[in-house]
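I have placed the structure first, in the form of structure tokens, so that the comments after it can refer back to it.
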Amino acid sequence: MTDQRFNPLAADKRWQARWSESRVFEADDASSKPRSYVLEMFPYPSGRIHMGHVRNYTMGDVLARFRRMQGFEVLHPMGWDAFGMPAENAAMEKKVHPGEWTRANIAAMRSQLKTLGFAFDWSRELATCEPNYYGQEQALFIDLFEGGLVYRKESAVNWDPVDMTVLANEQVIDGKGWRSGAPVEKRKLSQWFLKITDFAEDLLAGLGELKAWPDKVRLMQENWIGKSQGLQFHFALAEPQDDIATVEVFSTRPDTIFGASFVALAADHPLTQKLASQNAALAAFAEECKAGGTTAAELETMEKKGFDTGLTVTHPLDPDWQLPVYVANFVLMDYGTGAVFGVPAHDQRDLDFARKYDLPVKRVVSDGEEADALFAGDEAYTGPGKVVNSAFLDGMTIEDAQKAVIARADTEGWGKAQTTWRLRDWGVSRQRYWGTPIPIIHCDGCGPVPVPKDQLPVVLPEDIDFETPGNPLERHPTWKHVDCPKCGKAARRETDTLDTFVDSSWYFLRFASQPDDRPFDPEVVKQWLPVTQYIGGVEHAILHLLYARFWTRALASIGKLDFAEPFESLFTQGMVTHETYSIKHFSMAGPLDDDGQPIAQITYYPPDEIERNKDGAFLIEGGKELNIGRIEKMSKSKKNVIDPDPIIEQYGADAVRFFMLSDSPPERDLPWSEAGIEGSWRFVQRLWRLFISVAEAADAPAAEDKPLNRKLHQTIAGVADDIEALSFNKAVAKIFELVNLIEKSAPSADRNDAIRTLARIVAPMVPHIAEEAWALLGESDLIADAPWPKVQESLLVEDEVTIAVQVRGKLRDTLTTAKGSSKDQLEALALASEKVQRSLDGAEIKKVIVVPDRLVNIVI
RNA sequence: GCGGACGUGGCGAAAUGGUAGACGCAGCAGACUUAAAAUCUGCUAUCCGAAAUGGGUGUGCGGGUUCGAGUCCCGCCGUCCGCACCA
């Protein structure tokens with residue numbers, strides 16, 4: 001007799017070994033089948049997988065397995081985004097080499113992933129920290145360098161004083177380092193940049209083609225690229241300052257040019273600096289501006305401040321009109337030209353500024369009601385309207401006036417149409433050890449020289465000191481001392497390493513093709529790319545996804561690839577969340593507020609230390625009641641993290657996978673609960689009981705069960721659609737409905753067939769029990785290799801339908817009738833209903849709406 | 001401030017403009033059992049009603065379009081996310 005319970009402990013391991021031995025999930029480059037590349041964002045090897053990984057990879061796995069069953073040659077790889085700061089922190093704290101730490105973490109996480117039975121092609125596993133990966137990355141870097149897409153410039157960079165490294169703009173959040181949280185300082189350093197701005201227009205336009213990306217992500221990238229079109233022009237200084245005779249400004253609103261009342265310069269504008277060198281008060285003001293914070297709260301409350309330089313400029317359209325020149329704290333040097341002209345009536349910042357310094361406020365756009373030049377109030381008008389009080393522009397729409405001003409500036413030579421981008425070039429230099437060495441040698445005679453490709457990879461030295469802060473490569477006694485590859489004289493190796501986002505900008509290419517002697521074979525890459533379905537967290541909506549799009553385009557532009565977009569379809573999944581449990585307490589020994597009263601201290605408790613029931617949450621030890629906080633992202637600080645390992649051990653991989661797919665739509669957050677995983681466990685056992693019932697009662701009556709058959713085929717079709725749309729929660733619901741019906745159905749040959757088919761329907765989600773069942777049912781091949789069941793189309797249509805009968809839009813009755821009944825028949829049936837007659841109560845019928853096979857609505 | 005998403009039972013959620021609450025969780029009642037676990041059966045939006053194969057109400061709030069609105073439109077409120085002195 002077969003075991004009455006499914007035992008995942010034994011089964012999981014057995015099937016995982018079978019899959020591995022038979023190499024079923026290894027993708028074949030030479031296959032003649034249609035291709036499908038299913039990719040989940042590869043993890044950073046922090047040491048342990050978390051529930052977010054489990055959810056992410058389960059989704060990808062279901063799709064990958066499903067596509068295999070549908071006859072695709074599937075590439076579903078896994079690897080490690082293995083460079084980065086945490087390894088160096090570990091080196092400093094635990095005195096372990098970053099490589100050793102990272103490789104141990106990879107080994108631990110790999111075996112964790114294997115316990116979940118993911119259908120990965122492990123033969124293509126890669127880690128970005130290994131020379132065979134980063135050496136090829138160096139080759140690509142040199143290609144881009146030679147293609148003119150890499151340059152070096154001295155620039156003010158974001159310096160993280162804690163991590164002691166440069167950060168990209170994208171890595172500065174609210175003026176703080178994205179990793180360390182330390183306030184970022186400005187420093188001048190020579191840095192390597194990638195010309196992502198060359199592709200700004202392209203990256204923006206390409207978003208329009210990414211139909212299978214979430215709108216949200218496309219919008220975020222669009223905003224990040226930040227295209228603004230307008231007029232760039234110059235004002236002539238009334239008194240030129242040495243070599244500076246004009247002030248260049250950019251505006252998206254040239255239509256308001258007659259509303260100008262001042263010109264404002266950034267604190268670090270060249271003219272400001274020139275003036276400040278002769279004016280201590282201005283120098284002090286400029287310093288003050290630079291010291292200003294950049295956090296949301298500070299910007300919200302920061303006052304608009306200015307410093308009158310005493311200079312004036314001439315209005316380009318009126319030689320008799322002089323405008324004062326201020327230095328203002330709200331003008332940014334790194335956007336546009338670092339100078340603006342202020343139009344107070346139609347820009348809120350300008351208005352705040354003008355009111356404060358008592359400058360003229362002139363209306364030049366009418367909202368249709370008021371048109372006089374005097375503008376009252378403290379709220380700028382930025383809406384649509386006609387231009388007024390503006391000489392030759394009067395009466396024009398805003399759009400026409402913009403064109404007219406641009407045309408005039410162009411003819412008269414004082415300005416021209418200009419597009420300005422928010423996007424900056426990508427600074428990729430990092431003063432860190434644990435990253436890809438930048439393959440450049442600095443020679444006093446030849447300048448920066450790329451390392452010859454036959455000398456790649458430039459390998460990181462192993463003997464490294466982490467005792468002192470800063471870049472260990474810089475301090476290494478010998479590593480940087482090399483001869484110039486060009487002239488042979490003594491030279492210095494670049495000691496900066498590449499931003500780790502470079503590593504993740506092309507790993508999907510290397511998965512598709514990984515020859516030893518070059519980064520990838522374009523012919524093989526072409527067969528797999530673009531990635532059919534990419535799945536990951538929305539936190540990568542800008543950084544990683546924009547860089548990867550850029551890198552792919554950059555390679556295409558130098559002829560290394562012949563496609564521009566790496567990810568055809570993108571899905572951003574929600575987080576796994578959990579309730580928090582805490583106690584608030586006050587203590588005079590703790591921190592006090594301004595009045596000397598203790599500030600509330602909150603202590604969080606992990607879920608495994610509490611007993612949760614309908615009355616609340618209680619500490620297991622002592623029974624103290626805890627405050628149940630809101631459901632939020634699992635985090636160490638809130639102690640609401642559930643470690644997947646013990647859960648997998650207790651319930652098996654299938655129950656965990658199934659829970660990850662149930663209930664919540666995949667793009668939304670999934671609240672983890674003990675009850676939820678229990679439910680999935682029970683479902684796995686229900687499946688098992690069905691499977692053994694067939695195995696043990698093969699001699700079922702040869703009877704037909706049409707309703708069950710119908711449901712089966714509707715489920716085959718429905719689940720396929722849902723998986724294809726990644727609507728796993730809906731697929732799960734359909735499977736439940738089928739299982740409920742099978743359980744209720746009397747034994748029959750059809751019932752047995754339904755159960756055999758059920759094994760294949762659930763195989764992508766719960767592959768271990770599906771394999772076990774497949775073997776139990778007498779199959780010798782793997783269910784992983786079985787085809788997705790074929791839908792019998794004729795069974796999808798019902799031959800009876802339920803018609804809703806409404807009176808004045810309110811449901812009064814339902815009636816069952818043959819599908820395809822005529823409108824007259826339906827109307828007659830509806831009117832014959834006793835309930836309808838009661839509801840009509842003799843009222844006169846004005847109209848009857850009949851939707852065939854759907855409803856009848858009687859209007860009175 | 002700008003941009004976006006979302007708001008449905010005790011909870012997670014379904015619902016091409018056409019029977020709101022499928023499916024799951026939790027809960028309640030019952031069966032089996034010496035007992036428990038497991039399993040099975042039934043009920044479970046809400047109000048009125050003893051009950052009905054009775055009626056009312058109901059998808060954040062207020063309007064509108066429509067024979068018919070959770071779904072479309074307008075205006076609020078709330079929650080979450082992204083960007084942020086971007087000229």
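Everything numeric here is computed off the predicted structure, so don't read it as measured data.
Phosphate proximity of B/C2 to A/Asn223: absent, as no side-chain N or O sits under 4.0 Å from OP1 or OP2. Within the structure, every side-chain polar atom (N or O) of A/Arg838 is placed at least 4.0 Å from both OP1 and OP2 of B/G54. The phosphate of B/A38 (OP1 or OP2) has no side-chain N or O of A/Arg682 nearer than 4.0 angstrom. Applying the 4.0 Å criterion to OP1 and OP2 of B/A15, one finds that A/Lys730 has a side-chain N or O inside that range. For A/Asn740 and B/G24, the shortest distance from a side-chain N or O to OP1 or OP2 is below 4.0 Å.
Side chain A/Lys304 to base B/C85: a donor-acceptor pair is found below 3.5 Å.
Of all nucleotides listed (B/C67, B/C23, B/A13), B/C67 comes nearest to the side chain of A/Lys847. Comparing B/U53, B/C86, B/U19 by their nearest atom to the side chain of A/Arg422 picks out B/C86.
Comparing the P positions of B/C11 and B/C61 gives a spacing of 15 Å, expressed to the nearest Å.
Using modelled atom types, one finds a donor on one side chain and an acceptor on the other under 3.5 Å when comparing A/Ser833 with A/Asp813. A donor-acceptor contact closer than 3.5 angstrom is absent between the side chains of A/Gln418 and A/Gln229. Of the N and O atoms on the side chains of A/Ser261 and A/Tyr357, not one donor lies less than 3.5 Å from an acceptor on the other residue. Side chains of A/Arg668 and A/Asn729: no donor on one and acceptor on the other come within 3.5 Å.
At the heavy-atom level, A/Ser680 lies nowhere under 4.0 Å from the strands shown. Counting non-hydrogen atoms under 4.0 angstrom, A/Lys846 reaches nothing in the nucleic acid. Among the heavy atoms of the strands, none lies under 4.0 Å from A/Arg808.
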